[in-house]
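Letters A, B, ... mirror the listed sequences (proteins, then strands); counts begin at 1.
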Amino acid sequence: MFDPIDFLNYLINGALVGLLYALIAMGFIVIYRASKVFNFAQGELVVFGGFVVWWMVIQTGLPLVVALPLAMVMSALFGLAIERIFFSRLVGESGFAMVMVTIGLLILIRGLILVLFGPQVRPFPIIFPLKPVIIGDILIPRSLLIGAMITVVVGLGLSWFFNNTRAGLKMTAVAEDHQVALSMGISVKRSIAFAWALGAVLSTLGAIIYLSGKSLNFLASDIGLSALPVALLAGFESIAGVLLAGLIVGAVQGLVTAYVDPVIGGAVGSVFPFVIMLVILFIRPTGMFGWRTIERV
Amino acid sequence: MLELSNVEVLYSDVILAVKGITLAVPKGSCITLLGGNGAGKSTTLKSISNVLMTEDGKVTSGTISFEGARIDGGDPAKIVRNGIVHVMEGRRVLSHLTVEQNLIAGGHMEPSTQSMRRRLDGVYDRIKRLASLKSRTTGYLSGGEQQMVVIGRALMANPKLIMIDEPSLGLAPMMVDEVFGVLRSLKDDGLTLLIVEQNTRVALDLADFGYVMEDGRIVLEGNAADLRANEDIREFYLGLNLEGERKSYRSIKHYRRRKRWLG
Ligand SMILES: Nc1ncnc2c1ncn2[C@@H]1O[C@H](COP(=O)(O)OP(=O)(O)OP(=O)(O)O)[C@@H](O)[C@H]1O
Ligand SMILES: [Mg+2]
């Protein structure tokens, strides 16, 4: 029987998971905007960030207040290193070459994690208390709720930064047109490097929210894939739009998983975002808020 | 202030687009560089600002110096910081951003928000039209308005020398007058200008001195007044100004030639 409380539960939890996707998608979008690199290794950045946090907290036993900022710094450096080693050499290469490099990067990061942290499944530290938040009959995992708030704050903050500040508009100019940005005296290389650092930091933030109190292994990189439809629905340029897109994709996925999956007996819920993605690609490839080519006649 | 001496520019290691040109832009002057399609005017400006590097081009011989120091092959960001801003051909606005966002991005080198705001007010003051267009998306503005935006954006970088590539391109005569009115006000305020034009008449009206390029070389140079009186110029450039025909060709050309860079 249809129970409105259940419905609300599915809807809210779905939407919160969607906001987590949105955070991961944000990292993807930040990198895409500046460098026009479609980074297939975004999920691997999440896993790498997760392992760094695990290593700092569980292995070296640092308190969270020290370990988390330090993990952020390390991810930023990792992002910078990736840009320097792989992409700064690819100036002028085709988009296809770039995509191939990100796929290579994906494999490489997996190897790197294996070498650095070993193949075992690791327990991820409990960053947010496990006790769920209970509002009436609605049960919400605390990590998702706090994570959602962080995501909204970060999303709106970044959006404001990119649209209003001098430093942010510099990045946005790079997103629009590398040559024009250069003619304005903007260091395109530095902007791209900054974007990779920021993209890696956002991924690590995503890892903390996603993995808090769970176990950590390679499979966590699947979240990068789940974030892709959100980025696409938002359009690759809009940071604020990605919040709304995350809410939509997450809520729909939550409801489909709850109501359609049991009927069909299959995992329609997990495929659904990709169905949305294909539909968007057909009807509006630039997403809801992406930059459409402005053609004046 | 700016000197080019025997500059040669090569694209993709094979196409020699500029074949040894020498020109000087003294401080406070307004110089125009004239010539037909494919003469190498834009390439010359790109070699100065070194946005050339985004098109796989380089200066293979000769020197470019600004205020006594060599700048050829330099970092484009540093060249802007030194005081040269290149307003590229084809009104390259940041099309998804508003007028004000374009201008703020142009003022990214300002040390503080206050000083940037002051510059912004200065630009709105000089180009009144921009003040009323502040929050409009630049991609949807008219050609003339877009030309004003890119000039305003260049001013935000606090330049000593503005190089502007075909500001009259595809504009109605009244708009051309308005754009050149702004350029004249800049000249009157002592800013140094290097203007590339095919609209020879307006350019020579404003400029002190002109160079004419053909096939990568400078074929003629002289005081603006002398050039205006020159028979060849009259015949080949002033006479041969078939607006309509040129316009349609030019709008295609710009998009065809834009190169991929950094992906
Ligand atoms: N990126 C490039 N790669 C290779 N060749 C180029 C490139 N840009 C320009 N050229 C060539 O260099 C020559 C000079 O071009 P340039 O754009 O400097 O001419 P222009 O005088 O500005 O002409 P127009 O008035 O049509 O803008 C032309 O033959 C052109 O085809
Ligand atoms: Mg040109």
Side-chain angles (χ1 to χ4, degrees), chain A residues 31-39 83 87-99 101-102 162-192 195 235 237-238 286 289-297, chain B residues 45-46 49-56 75-88 90 92-98 100-113 116 137-143 146 150 153-154 156-157 159 163 165 251 258-263:
Chain A
I31 291 173
Y32 177 81
R33 272 169 58 105
S35 65
K36 301 289 171 273
V37 171
F38 200 88
N39 182 24
E83 195 278 329
F87 294 99
S88 63
R89 283 149 211 259
L90 284 178
V91 171
E93 293 298 327
S94 70
F96 179 71
M98 298 279 195
V99 165
V101 172
T102 71
F162 283 127
N163 283 310
N164 295 286
T165 66
R166 270 169 300 151
L169 282 169
K170 218 157 101 171
M171 302 277 300
T172 305
V174 171
E176 280 248 4
D177 190 324
H178 286 163
Q179 198 182 39
V180 170
L182 206 67
S183 81
M184 293 162 64
I186 296 168
S187 170
V188 175
K189 286 210 164 94
R190 211 174 303 157
S191 297
I192 293 177
E237 284 90 7
S238 173
T286 50
F289 311 102
W291 284 344
R292 278 182 291 174
T293 319
I294 296 180
E295 291 283 1
R296 287 191 67 261
V297 272
Chain B
L45 294 195
K46 286 176 195 164
S49 65
N50 201 22
V51 295
L52 203 56
M53 63 180 268
T54 65
E55 298 185 2
D56 194 19
D75 172 15
K78 184 150 175 280
I79 291 169
V80 175
R81 212 162 299 125
N82 285 348
I84 305 180
V85 180
H86 179 184
V87 180
M88 282 188 294
R92 305 274 290 275
V93 290
L94 302 168
S95 57
H96 300 91
L97 302 187
T98 64
E100 183 142 306
Q101 285 175 318
N102 265 267
L103 297 179
I104 295 174
H108 68 94
M109 291 181 307
E110 285 297 321
S112 70
T113 308
M116 186 273 292
T137 303
T138 53
Y140 296 112
L141 296 178
S142 77
Q146 290 182 337
V150 290
R153 196 176 65 195
M156 288 299 292
M163 309 192 289
D165 199 345
S251 57
R258 279 181 70 174
K259 288 283 165 328
R260 287 187 66 83
W261 180 64
L262 289 172

Looking at every non-hydrogen atom in both residues, tell me the closest pair between Val180(A) and Met88(B) and how far apart they are. CA-CE, 3.8 Å
Looking at Val51(B) and Gln179(A), what are the two nearest heavy atoms and their distance? O-NE2, 4.0 Å
Please look at Glu100(B) and chain A and tell me whether the side chain, the backbone, both or neither of the residue comes under 4.5 angstrom of a heavy atom of that chain. neither
Quick one: closest heavy-atom pair of Arg92(B) and Asp177(A), and the distance? NH2-OD2, 3.3 Å
With rounding to the nearest 0.5 Å, note down the distance linking CE in Met163(B) to OG in Ser183(A). 9.5 Å
What residues form a side chain to side chain donor-acceptor pair (under 3.5 Å) with Thr113(B), not counting sequence neighbours? Arg166(A)
CG of Leu182(A) to CG of Asn50(B): how many Å apart, nearest 0.5 Å? 8.0 Å
Would you tabulate the side-chain donor-acceptor contacts of residues 76-83 of chain B under 3.5 Å, counting partners in other chains and residues two or more places apart, or write 'none'?
none

Shorter than 4.5 Å, heavy atoms on both sides: which option in Gly106(B), Ser49(B), Gly107(B), Ser112(B) has the most such pairs with chain A? Ser112(B)
Please evaluate residues Lys189(A) and Asp75(B) with respect to the criterion side-chain contact (heavy atoms from CB on, under 4.5 Å), reporting the C-alpha separation (whole Å), side-chain torsions for both, the decisive distance (0.1 Å), and the verdict. CA-CA 11 Å; Lys189(A) 286 210 164 94; Asp75(B) 172 15; over 6 Å; no
May I have the step-by-step check of side-chain contact (heavy atoms from CB on, under 4.5 Å) for His178(A) and Thr54(B), ending in yes or no? CA-CA 9 Å; His178(A) 286 163; Thr54(B) 65; over 6 Å; no
Report the distance from atom OG1 of Thr165(A) to atom CE of Met116(B), rounding to the nearest 0.5 Å. 9.0 Å
Give a yes or no answer on whether the side chain of His108(B) reaches the backbone of Met184(A) with a donor-acceptor pair at less than 3.5 Å. yes
Quick one: does any side-chain atom of Gln101(B) pair with a main-chain N or O of Leu169(A) as donor and acceptor, under 3.5 Å? no
